[in-house]
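Take a look at the structure below.
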Amino acid sequence: MFRSLFSRSAPASPASSDSGGRQRRLDLSDSLPAELFEQIQRIQIRTQRLVSETFAGEYESAFKGRGMEFEEVREYLPGDDIRHIDWNVTARTHVPHVKVHREERELTVYLLVDVSSSGAFGSATKLKREVAAEVAAILAYTAIHSNDRVGLVIFSEEVEHFVPPKKGRAHVWRVVRDILSHQPRHRGTRIAGALEHLLAVQRRQAVVFLVSDFLDQGWEDPLRIASRRHDLTAVRIVDRREQELPAIGLVELEDAESGELLLVDTGSSRLRRSLSELAADEDLRRGEMLRSAGVGEVVIHADDPSYIDDLVAYFHRREQRR
């Protein structure tokens, strides 16, 4: 099935310290194209408003609250709570032992962002690629607001860019800049490669948002493996014209990733119905696979400007289930 039907954007800059310890402003507007700088400003302003309202609260409720994380087992000391005794170790060693936990204070959040050519499609005011970048940027700002560490993997048919996880406003500015300014080097998609890279660089559990249109094959097994180690959410970017063709006569369609061309008669009701049924079946198969792997899914419609509501609703459902 063709990946795309038709080929066809101020808050203060981050602060840092000079050699004397005084705060100075990084005037990043001088080092960025004006259009890109304005786009980052718009996203940051929008995110700050969301954070001050309900979005950040929903995010923290959905991904925080793990409480205490197991750290080690040690011998019992006078004053230890007997409720923490590890009876299995105690029975094996004949010496009382207790489980020690530490408070989990922060999360590591990874954004895996698909920049393949199938994202260069949109039937409304924005391309899928632009919406994917905005969603990833909003998630990055929200995670930093919650004092989490944020890392970034930008991928197409290979991993094109990697930013290790860190905290702070200057870091999230860099992450957002890299997402919005990245120029893809390849046209294809290989989700499996991005997941394999994640597994190689992040050993401890992380919260992972995989932002893609998922027009790819062969990623199911790596996804299951990654889901067992990490808290994984699939953020699927879709456009209604990928599922519903308008009746406008003969149209030449191009696969954005392979360049393959196909002439179709969109005036045929049978063809339009077949396409819709095929897309619906694929959505059903994908959804069932994600659920069986324990992966959350939120669907973002690139042609709907209220996509933030979809993220908030997903966080709310997740918090209720937890």
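All of these numbers come straight from a predicted model, not from anything done at the bench.
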Does atom CZ of Arg83 have more than 12 heavy-atom neighbours, drawn from other residues, nucleotides or ligands, at distances under 6.0 Å?
no

Do other residues, nucleotides or ligands put more than 12 heavy atoms under 6.0 Å from Ile82 CD1?
no

Which atom pair, heavy atoms only, marks the closest approach of [X] to [Y]?
| X | Y | answer |
| --- | --- | --- |
| Ile191 | Ser212 | CD1-OG, 3.9 Å |
| Phe214 | Val235 | CE1-O, 4.0 Å |
| Val299 | Asp310 | O-OD2, 3.6 Å |
| Leu111 | Ala140 | CD1-CB, 3.7 Å |
| Leu127 | Gly122 | CD2-N, 3.7 Å |
| Leu232 | Val295 | O-CG1, 3.5 Å |

Between [atom1] on residue [X] and [atom2] on residue [Y], distance to nearest 0.5 Å:
| X | Y | atom1 | atom2 | result |
| --- | --- | --- | --- | --- |
| Ile225 | Glu196 | CD1 | CD | 8.0 Å |
| Arg273 | Ser268 | CZ | OG | 8.0 Å |
| Leu152 | Lys166 | CG | NZ | 13.0 Å |
| Arg228 | Leu199 | CZ | CG | 10.0 Å |
| Glu252 | Leu263 | CD | CG | 6.5 Å |
| Ile179 | Arg129 | CD1 | CZ | 14.0 Å |

Salt-bridge criterion met for [X] and [Y] (N-O under 4.0 Å):
| X | Y | answer |
| --- | --- | --- |
| Lys126 | Asp303 | no |
| Arg74 | Asp86 | no |
| Arg174 | Asp178 | yes |
| Glu242 | Lys128 | yes |
| Arg286 | Glu220 | no |
| Arg272 | Glu244 | no |
| Arg185 | Glu157 | no |

Please check this pair: side chain of [X] against backbone of [Y], looking for a donor-acceptor N/O pair closer than 3.5 Å.
| X | Y | result |
| --- | --- | --- |
| Ser227 | Leu223 | no |
| Ser156 | Pro184 | no |
| Arg229 | Gln205 | no |
| Ser61 | Glu319 | no |
| Asp281 | Leu278 | no |
| His97 | Val95 | yes |

Worked check of side-chain contact (heavy atoms from CB on, under 4.5 Å) between Val150 and Ile144
CA-CA 7 Å; Val150 177; Ile144 288 294; 3.9 Å; yes

Could you give me the CA-CA distance, side-chain angles and deciding distance for Glu257 and Ser118, then say whether side-chain hydrogen bond (donor to acceptor under 3.5 Å, both in side chains) is met?
CA-CA 6 Å; Glu257 296 188 6; Ser118 60; 3.0 Å; yes

Residue pair [X] / [Y], side-chain donor-acceptor N/O under 3.5 Å:
| X | Y | answer |
| --- | --- | --- |
| Thr233 | Tyr314 | yes |
| Glu160 | His182 | yes |
| Glu60 | Ser146 | yes |
| Glu134 | Tyr307 | yes |
| His301 | Asp239 | no |
| Gln202 | His230 | no |

Side chains of [X] and [Y]: closer than 4.5 Å at any heavy-atom pair?
| X | Y | value |
| --- | --- | --- |
| Val207 | Thr108 | no |
| Val238 | Asp213 | no |
| Ile300 | Leu311 | yes |
| Leu139 | Val109 | no |
| Arg224 | Trp219 | no |
| Glu58 | Arg318 | no |
| Glu75 | Pro96 | no |

Could you check Ser117 against His186 for side-chain contact (heavy atoms from CB on, under 4.5 Å), going step by step and ending with a plain yes or no?
CA-CA 8 Å; Ser117 294; His186 302 280; over 6 Å; no

Taking the six-membered ring for Trp, are Phe315 and Tyr59 parallel (under 30°), tilted (30 to 60°) or perpendicular (over 60°)?
perpendicular

side-chain contact (heavy atoms from CB on, under 4.5 Å) evaluation trace for Tyr141 with Val176
CA-CA 8 Å; Tyr141 276 125; Val176 172; 3.8 Å; yes

Same cluster or not: [X] versus [Y], using hydrophobic residues (I, L, V, M, F, W, Y) connected whenever any side-chain heavy atoms lie under 4.5 Å apart?
| X | Y | value |
| --- | --- | --- |
| Val175 | Val131 | yes |
| Val163 | Val153 | no |
| Trp173 | Ile154 | yes |
| Val211 | Met289 | no |
| Leu262 | Leu245 | yes |

Chi angles and distances behind the side-chain contact (heavy atoms from CB on, under 4.5 Å) call for Val208, Leu112
CA-CA 7 Å; Val208 180; Leu112 275 56; 3.9 Å; yes

Strictly under 6.0 Å, is that where the ring centroids of Phe63 and Phe209 end up?
yes

Could you walk me through whether Phe162 and His197 pass ring-ring contact (aromatic ring centres under 6.0 Å, His included), step by step?
CA-CA 9 Å; Phe162 171 63; His197 182 82; 5.0 Å; yes

Is there a salt bridge (Lys or Arg N to Asp or Glu O under 4.0 Å) between Asp283 and Arg236? Walk through the geometry before answering.
CA-CA 10 Å; Asp283 286 350; Arg236 189 159 64 90; 3.3 Å; yes

